[in-house]
Amino acid sequence: KESRLQHLHHLTFQLIASAKDYHFYTGVDFAGPLFINNPPTGQRGKAYCCLFTCASTRAIHLELTESLTVASFLQALEDLQAVESFRQGC
């Protein structure tokens, strides 16, 4: 007969396997501004870091964005979706 701990052990693996099938466990946050230099032109500018985290595997993905606008976020999200490991569920 299976003990309660063994049953929970199997249940944990089932939950992790099912979590990898969905992208509901991805968090997002912004950091910045980050001040950057463009050496050829000598211009200084601002950039922001869009941080995506996978709660099931603790994987992270960083995207550099030009601003905090919706358009910049959607571009970062499209770039995230193009990464093979996140398309496979982190």
Side-chain angles (χ1 to χ4, degrees):
K1 185 176 178 181
E2 200 174 69
S3 72
R4 184 166 195 260
L5 185 60
Q6 289 172 327
H7 177 71
L8 290 176
H9 179 73
H10 293 302
L11 182 60
T12 303
F13 282 111
Q14 289 173 354
L15 289 173
I16 291 172
S18 66
K20 289 186 175 192
D21 295 336
Y22 303 101
H23 291 280
F24 298 129
Y25 303 104
T26 302
V28 65
D29 198 5
F30 274 91
L34 307 172
F35 297 100
I36 56 173
N37 290 326
N38 189 355
T41 63
Q43 294 180 345
R44 284 185 57 137
K46 279 195 227 180
Y48 297 88
C49 180
C50 185
L51 170 71
F52 295 95
T53 59
C54 177
S56 61
T57 63
R58 292 300 196 209
I60 64 167
H61 180 81
L62 303 173
E63 284 290 332
L64 202 60
T65 62
E66 295 177 354
S67 65
L68 295 174
T69 62
V70 173
S72 291
F73 169 73
L74 291 177
Q75 182 62 49
L77 184 61
E78 285 179 13
D79 294 343
L80 170 74
Q81 291 172 341
V83 176
E84 184 67 27
S85 61
F86 273 86
R87 279 191 287 156
Q88 292 178 355
C90 301

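- Going from atom SG of C49 over to atom CZ of F30 covers 9.0 Å, rounded to the nearest 0.5 Å.
- Counting heavy atoms from C-beta on, the side chains of L64 and L34 come closer than 4.5 Å.
- Annotation for E63 and F52: closest pair CG-CE1, 4.4 Å, computed over non-hydrogen atoms.
- Follow the hydrophobic side-chain contacts under 4.5 Å out from L68 and you reach V28 in the same cluster.
- H61 contributes atom NE2, which lies 10.0 Å from atom CG of L51 (distance to the nearest 0.5 angstrom).
- The SG atom of C50 sits 9.0 Å away from atom CG of L62, with the distance rounded to the nearest 0.5 Å.
- For the pair T65 (side chain) and S72 (backbone), a donor-acceptor distance under 3.5 Å is absent.
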